Amino acid sequence: MSYDEIYKLAIEHGFFSPSCEIYSDFQAGFWEYGPLGVALKNNYVNLWRRELVRRDGMVEIDGTQIMSKNVFVASGHLESFADPIVVCTKCGTTTRADRMISERAGISLPEGLPEQEYDALIAKHNLKCTNCKGDYGRVKRFNMMFRVGIGPKDDDAYLRPETCQSIFVDAPRLFKTMRLKLPIGFAQFGKSFRNEIAPRQSLVRLREFYQCEIEVFFNLKKADDQAKFQDVKDVKLPIQRADGTFIEVTAEESVSQKIVPNQLVAYYLALLKEFYDKTGIDTKRARFRELSPEDRAFYARSAFDFEVQTSLGWMELVACNYRSDYDMGRHGKVSNHDVTVPDDNEKVLPHIFEISMGVDRSIYCVIEHAYAKENDREVLRIKPQLAPIVAGIFPLVNKDGLPEKAQHIYHSLKRDFPVFYDESGSIGRRYRRQDEVGTPICITVDYDTMKDGTVTLRDRDAMSQQRIKIEEIQNHLSSLVRLQD
RNA sequence: GCGGCAUUAGUCCAGCCUGGCAGGACGUCAGCUUCCCAAGCUGAAGGUCGCGGGUUCGAAUCCCGCAUGCCGCACCA
C-alpha cells in the first residue's frame, strides 16, 4: 500500500484530483474532492461531530475564511507566522536567513530576531550567496498567510491560516447569547490557507485545506477537576515523550505520572483516540508525540501531535496544543473588548486547549489504512459508516425482468442511502468494482428474487453471501451505517 | 525555495538515444455470453505527447525557459 497506489486509486475513482489540471498554469498545493471523496469527507466530519462535538456537548460555528488584518495582529500571525528569508541580488536564489547564518557562521540564533539583526550578521561574517557568490539583499519576512485586497481600495485582509481564529473572535458574543459556561468546547469545520513554500503529496500538504478544530475554553484552576474524566480514565494513550522515550499508559496514569499537564488535556487526548478508532485508522500504529519547546508553534505552551504511521512515514494528523490564555488575552488587548467570562462569581480569562485536526490528511490515512491488495482483488476495507457508497445493487443477469426488479429496489433506497446501480459486465466484475471503492454490501437480484422476494447480500470483506427479504434491506442498511459505541 | 529524477489515452507504460503515420496493456462504452466473484467473444470511443519558445522542410523525439509530480533538505494540520 504505497502512496502511489493510493494516489492512483484516488484519481481513478474520484476521491481527489489536482485542481485546475487542464490549465498549464495550475499551482501546486490545491486539490479537488471528487464525488467519492466528498462522500467520504462528509461521513468523516459527521463522525467527528458525533464522537467529539456532540459527545462532549460542544457548540459548532462556521466562520468566514477572510478575516480582518487586526485579527492577525492580535493572534501574532502577522508577526510570527513568517520565516526570515534573504534573496541574492545577483542570481535571485532565495535562502532562509536564520538557518543560513547559523550554519555558516557557526552560531546558534534565537527565534524571531528583527530583520536588521540578520542583516548585521550577514555583513559581520561577510556572507555571500552560496550559488553565485553575489551579495545578499535585505532580510525580509516571508509570511505564510495569503493577503487579500478588499474592495476598490484594496484594504488588507487575510485568508485565515487556522480556523480557530474565528472561534476566538466569536467567543465573547457566544458566551453571552448561548448561555455557555466554562469549560466549553467550540468546534469548527472549514477551510484554512497557508502559502506553503513546498506543498507536497496531494492531500498531505496543501495550501488550501480543511480543518476540524476544537477549542476548549476552561478555567485553569479547574483543569484537574473534570467530572467527565471518569468516562475515559482507562483509555490507553500511546505517548512518545519529548525525550524520545515511548510509553503506553492509561489516561489516568498519564495525569498521575505527570506525562500530560492535567486531567482536561488527558480527557481530550483519550476522546481523540477513541474517535480515531472509529475512523478505521489503525491506532496501533498511532502515537501522541510530545513536542519539545523548539518544535512547538509560537502560541503553544505544551503540545502533543497525534501521528499515524503510513507509507510516507509518521504523519501528523492532529495538533493538540495548550495555548494558555494567550489567544483571548491578545484579542482582548488588541480589540479593547472585555473577553473575560464569568465563572463562579469570578471573571476568568479563559485558557484554551485545542484539538486541531487536518481533515485532508486524515482522509488520506483512512484510505491508506483501509486499502488491501489481495491475490486477485483490490479492496478498501473502509468502515461502513464512512463508505462513500453503502450498497451496490445489481441484477444477476440482464434479462427476464431482473434489471427492472433491481432498479425498483434501487429507486426505493436511493433517497435514504447512497446506493449505486450497475448492470454492466459480469456479476463478479461488478462486485470487484465496488470492492475497490469500499462499498461494504452488494445486493443482487436473481431468479429466486422473482419467486420468493429475497435478495443476495454479498459482504465486501468476507466475500460471503446471505439471503434476506426485500423488505428487510432498509433495516439492514440502517444498522450497517448506524454509528455505535 | 535548492538539488536529483520524471511528465505520452481514465490508469500504467513503450516510442526519444539515431527527428519522418502516436502505439500497447488495463480500464471505459456498445453488443454477445453469463443462475454469484474481474481479466470469454465481437466492435468502438478515447491524445493540444505538461506549457511556452527555439533549431529544422519536418519535433513526442534535439536545445532553452517555465510549470507540475516524486525523492532528499527545510517547514507544517
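Here the structure is a predicted model, which means the values were calculated and not measured. Within every chain, numbering begins at 1; the chains are lettered A, B, ... in the order of the sequence lines, protein sequences first and strands thereafter.
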Is the shortest heavy-atom distance from the side chain of A:Lys41 to the side chain of A:Tyr210 under 4.5 Å? yes
Applying the side chain to side chain donor-acceptor pair (under 3.5 Å) criterion to A:Gln165, which one of A:His331, A:Gln188, A:Arg160, A:Glu213 satisfies it? A:His331
Let's test this: given Watson-Crick or G-U wobble pairing with both distances under 3.5 Å, identify the partner of B:rC49. none
Quick one: does A:Asp446 reach the base of B:rC36 with a side-chain donor-acceptor pair under 3.5 Å? yes
5'-most contact on RNA chain B (nearest-nucleotide basis), A:Trp31 vs A:Met357, goes to A:Trp31
When you measure only distances, ignoring hydrogens and angles, does the side chain of A:Gln465 come within 3.5 Å of the base of B:rC36 through a donor and an acceptor? yes
Base paired to B:rA44 (Watson-Crick or G-U; both N/O distances under 3.5 angstrom): B:rU28
Which comes earlier along RNA chain B counting from the 5' end, the contact point of A:Asn321 or that of A:Pro199, where each point is its nearest nucleotide? A:Pro199
Do NZ/NE/NH1/NH2 and the carboxylate oxygens of A:Glu307 and A:Arg287 come within less than 4.0 Å? yes
Looking at the side chain of A:Glu196, which of B:rU68, B:rU34, B:rA77 is the nearest nucleotide? B:rA77
Can you find a donor-acceptor pair, distance only, under 3.5 Å between A:Arg429 side chain and B:rC37 base? no
N/O donor-acceptor pair, side chain A:Arg361 with base B:rC76, under 3.5 angstrom: yes
